[in-house]
Student: 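Can you read through this structure? Questions will come right after.
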Amino acid sequence: MTRDVELVDHEDSEMSERQGGGDSLASVSRDTLYMVSGQIFSKVFSFAYILLLARHLSVEDFGRFNLIMSFVLIAEIGADFGLSRLMMKDMARSEDVIPKYLGALLPLKIPLSIIAYGAMLLVLWLAGYSIDILQLAAIAGVCLLPSGLAMAFDNTLHARQRFHYLATTQIFLAFSQLVLGGITLYLTAKLSCVLVVMILSYICYLCLLYFFTLKNDYKYKLHWDWGFCRKILHQSFPYMIIAILYIFAARAEMLMLSRLVTDAAIGIYSAASKIPEAAIFVPMMFTSVLGPILSRLHGDSKEGLTKLYGWSSRSIVLAMVPCAFIGILLAEPIFLFLFSEKYAESIPVLKTILLVFPLTSLYILNSTVMYTSDHQIQSMVVFLLLTVIQYTLNYFLINERGLDGAMDAFVLSTIINAAVTTLLVRLWFINRIVVFALFPPLVASAVLTLSYFYFPIDNVVIKPLLALILFALCAYGLWRLMPTRFETE
């Protein structure tokens with residue numbers, strides 16, 4: 001869970017500067033720097049904690065931990081009921097609604113969290129999961145309440161772009177989990193104890209967010225307003241469905257593996273996904289910073305939205321292609337160093353996930369554009385269809401090929417998701433379809449691939465280095481020679 005913000009004394013003048021696409025790009029760069037700086041530290045702590053879990057828990061227990069956290073994450077989205085997205089969109093447009101939203105929605109979070117908790121356990125029971133999984137999920141699910149309340153404060157700071165505070169809270173959460181979890185694993189490697197520590201970390205996280213909200217003088221009075229809540233729940237429902245579908249899609253392979261293969265296979269797949277999950281924070285933070293700006297541009301400036309999306313889509317793919325290339329080359333030695341030989345089967349899975357990493361990043365950007373728009377019903381239908389396709393692919397391919405089938409399904413579904421959402425963003429939200437918007441990254445990626453495989457050089461350092469140099473030259477040249485009308489003046 002990550003958000004964004006910045007402490008500024010001259011907010012009015014800054015907000016007046018952020019009305020068009022050109023100044024939005026400068027704002028995105030600055031705000032991304034704040035969030036990425038904080039996220040680097042929080043991700044380091046989080047990844048260190050994952051390594052501790054992987055090394056101290058058995059492969060089976062590590063798989064159970066990731067399976068349980070997948071269900072907790074889905075329940076967390078259900079407990080939020082899409083309120084965070086709606087709060088962020090409305091608060092980004094006007095600060096005046098903050099007291100009304102916080103005062104009425106914080107009390108609503110309590111029954112929603114309880115309902116989500118019960119629904120999660122009911123689904124696990126109906127799905128036939130073991131009593132051990134049910135007991136562990138019952139413990140982990142307690143964090144839904146502090147997490148849900150924290151999300152309201154988090155999104156308030158996010159919407160008003162208080163990036164410094166959000167980065168601080170994320171670092172605190174990750175560091176507290178690492179320290180408390182590390183002590184717990186040292187004393188006992190019981191998974192139930194690890195989950196209890198997670199609950200304590202979220203309670204402390206909630207307290208810190210509450211303090212920062214008060215520090216920003218966002219005053220509110222708790223009250224129960226069923227009429228307002230019913231209206232807001234009706235508006236937020238599509239956001240919840242889309243968010244749940246998004247999480248179901250992100251966890252599709254793991255959830256299907258849990259029904260069709262062993263806990264060990266889940267552990268293998270989970271371990272492979274941890275490095276990409278740590279790396280994905282860059283496009284996630286980039287799009288997180290974009291969120292409030294996109295919300296404004298959807299309503300105020302279609303031209304600004306067109307410029308911002310064109311620049312963002314081209315930039316994110318160009319940045320992620322060399323990262324994926326280097327990651328694939330170094331996957332085996334780095335993975336075995338970080339984890340251990342017991343996870344050796346994870347290496348092909350890791351390389352497969354990294355192969356489509358640029359498309360995953362593009363899909364995240366497209367999803368953010370769709371989330372922050374008013375096309376919620378249409379977006380909900382699209383994500384539902386994409387999720388059905390993804391689970392269908394997983395069911396047949398995992399049944400046929402096991403873990404290898406999960407990798408095939410991931411690649412195919414990622415390609416489909418990126419292609420469909422890119423087309424829809426261009427048709428729904430921007431002024432024109434610019435054919436060459438993604439041409440530079442696509443051509444440069446082809447040059448990178450062909451040069452690496454067909455260079456008559458065997459040196460393991462010089463060969464990829466030359467391929468990357470050709471990629472950079474090609475990307476730069478095409479960007480300069482083929483400017484689109486997305487570009488700012």
Student: Give a yes or no on whether the backbone of A419 and the side-chain of T422 come within a donor-acceptor separation of less than 3.5 Å.
Tutor: no
Student: Parallel under 30°, tilted from 30 to 60°, perpendicular over 60°: which one fits the rings of W311 and F286?
Tutor: tilted
Student: Are there more than 12 heavy atoms of other residues, nucleotides or ligands under 6.0 Å from atom CZ of F172?
Tutor: yes
Student: Say whether, by atom type as modelled, one donor and one acceptor occur between the side chain of K109 and the main chain of A79 under 3.5 angstrom.
Tutor: no
Student: What are the two closest heavy atoms between I415 and L359, and how far apart are they?
Tutor: CG1-CD1, 3.8 Å
Student: Considering non-hydrogen atoms only, spot the tightest contact between A152 and L106 and give its length.
Tutor: CB-CD2, 3.7 Å
Student: Could you report the tightest heavy-atom contact between I68 and A137, atom names first, then the distance?
Tutor: CG2-CA, 4.0 Å
Student: Are a donor atom and an acceptor atom from the side chains of Q170 and Y205 found within less than 3.5 Å of each other?
Tutor: yes
Student: With the side chain counted from C-beta on, respond yes when L67 and L255 share a heavy-atom pair under 4.5 Å apart, and no when they do not.
Tutor: yes
Student: Give a yes or no on whether the backbone of L57 and the side-chain of D61 come within a donor-acceptor separation of less than 3.5 Å.
Tutor: no
Student: Atom CG of L180 and atom CG of L185: how far apart are they, to the nearest 0.5 Å?
Tutor: 11.0 Å
Student: Testing the basics here: between Y49 and G181, what is the closest heavy-atom pair and its distance to 0.1 Å?
Tutor: CE1-CA, 3.5 Å
Student: Can you confirm if the aromatic rings of Y165 and F211 lie within a centre distance of less than 6.0 Å?
Tutor: no
Student: If we only count heavy atoms from C-beta on, is the L149 to Y210 side-chain gap below 4.5 Å?
Tutor: no
Student: Under 6.0 Å from the CD1 atom of I462, do we count more than 12 heavy atoms belonging to anything else shown?
Tutor: no
Student: Please check if the side chain of N394 supplies one atom and the backbone of Q390 the other of a donor-acceptor pair under 3.5 Å.
Tutor: yes
Student: Check the surroundings of atom CH2 in W125: do more than 12 heavy atoms from other residues, nucleotides or ligands lie under 6.0 Å from it?
Tutor: no
Student: Indicate yes or no: at least one non-hydrogen side-chain atom of L468 is less than 4.5 angstrom from one of I326.
Tutor: yes
Student: Please check if atom CD in E345 has more than 12 non-hydrogen atoms from other residues, nucleotides or ligands closer than 6.0 Å.
Tutor: no
Student: Can a side-chain donor-acceptor contact be found between N66 and Y269 if the only test is distance below 3.5 angstrom?
Tutor: no
Student: What distance separates S313 OG from L308 CG, expressed to the nearest 0.5 Å?
Tutor: 9.5 Å
Student: Within this structure, what is the CD1-CZ distance for the pair I244 and F81, rounded to the nearest 0.5 Å?
Tutor: 8.5 Å
Student: Kindly check if the number of other-residue, nucleotide or ligand heavy atoms within 6.0 Å of CZ (F41) is above 12?
Tutor: no
Student: Can a donor-acceptor pair be found, under 3.5 Å and without considering hydrogens, that links the side chain of Y363 to the backbone of I416?
Tutor: no
Student: Please find the pair of heavy atoms, one from S361 and one from I316, that lie closest to each other, and give the distance.
Tutor: O-CD1, 3.8 Å
Student: Considering only heavy atoms from C-beta outward, does the side chain of I266 approach that of S270 to under 4.5 Å?
Tutor: yes
Student: Give me the ring orientation class for F335 and F339: parallel if the planes are under 30° apart, tilted from 30 to 60°, perpendicular past 60°.
Tutor: parallel
Student: What heavy-atom pair brings M284 and T287 nearest, and what distance separates the two atoms?
Tutor: O-OG1, 3.0 Å
